Amino acid sequence: MTAEKNVFQKILDKEINSTIHYEDERCIVISDIHPKAPIHLLVIPRKPLKSFDDVEPEDKDLLFHLMTVGRKQIKKMGAEGYKLQYNVGSKGGQEIFHLHLHVLGWN
Ligand code: AMP
């Protein structure tokens, strides 16, 4: 039995629609469907890591890329201040088990 794709994998595979702000060979940036700040972006790596708990030293360039892409995109959208957040595990508020960086911005 194959596991059901999570919603972010479906977005990456263009099986469901989302507001895409940026994409490259390593990640995609979308708007969060239930924003918790005036600007709320999600930076989603194409690599199927479940959470920050699964990140290994070999992923350090990828993590830096996610953060700098998030910074560039939120500034482009006019944010003057922002927060970067990973929710880890259900007790940490994680609902979708495909690594994603929340970028929450305020103008
Ligand atoms: P987390 O709780 O860290 O797993 O974050 C998951 C986030 O994904 C939540 O903030 C949701 O609002 C958001 N989300 C869920 N489904 C979608 C979707 N189809 N498009 C965009 N954002 C979504």
Side-chain angles (χ1 to χ4, degrees):
M1 199 166 79
T2 50
E4 168 82 14
K5 277 187 190 181
N6 65 63
V7 64
F8 291 164
Q9 193 57 58
K10 288 181 182 169
I11 287 172
L12 287 164
D13 293 343
K14 307 280 167 65
E15 289 172 10
I16 58 174
N17 288 328
S18 61
T19 305
I20 299 173
H21 298 282
Y22 172 84
E23 59 183 313
D24 63 23
E25 71 290 354
R26 284 183 284 176
C27 70
I28 190 167
V29 181
I30 65 168
S31 284
D32 196 295
I33 208 166
H34 300 301
K36 282 112 194 151
I39 312 168
H40 187 169
L41 302 177
L42 299 170
V43 188
I44 308 169
R46 296 190 190 282
K47 186 171 179 178
L49 297 160
K50 283 194 168 52
S51 84
F52 188 77
D53 267 350
D54 283 5
V55 164
E56 299 288 350
E58 70 195 29
D59 300 312
K60 71 178 193 302
D61 289 348
L62 176 62
L63 293 190
F64 182 73
H65 184 67
L66 301 181
M67 290 189 285
T68 51
V69 162
R71 176 181 69 189
K72 191 168 177 186
Q73 290 304 310
I74 205 135
K75 286 191 173 185
K76 216 170 163 181
M77 293 171 79
E80 289 176 17
Y82 59 95
K83 287 181 188 174
L84 303 173
Q85 180 175 315
Y86 287 108
N87 296 332
V88 186
S90 29
K91 293 258 164 112
Q94 186 175 4
E95 288 172 1
I96 299 176
F97 286 81
H98 181 118
L99 183 69
H100 53 282
L101 174 64
H102 292 261
V103 189
L104 301 124
W106 288 263
N107 316 84

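Just so you know, residue 1 is the first one in the sequence shown, and it goes up from there. When a ligand or atom number is given, it counts from 1 through the structure's own listing order. Since this is a predicted model, take the numbers as computed values, not measurements.
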What do you reckon, are the aromatic ring centroids of H100 and H98 less than 6.0 Å apart?
-> no

Any side-chain heavy-atom pair of I44 and C27 under 4.5 Å | no

Without swapping roles, check the side chain of Q85 against the backbone of L104 for a donor-acceptor pair under 3.5 Å.
-> no

When you look at E4 and K10, which way does the side-chain contact (heavy atoms from CB on, under 4.5 Å) test go after all the steps?
-> CA-CA 10 Å; E4 168 82 14; K10 288 181 182 169; 2.9 Å; yes

Any idea which residues sit under 4.0 Å from ligand 1, heavy-atom distances?
-> V7, F8, I11, I30, S31, D32, I33, H34, K36, L42, N87, G93, Q94, E95, I96, H100, H102

Just by modelled atom types, is the V103 backbone N or O under 3.5 Å from a matching donor or acceptor in the R71 side chain?
-> no

Between the main-chain N or O of E15 and the side-chain N or O of D13, is there a donor-acceptor pair closer than 3.5 Å?
-> no

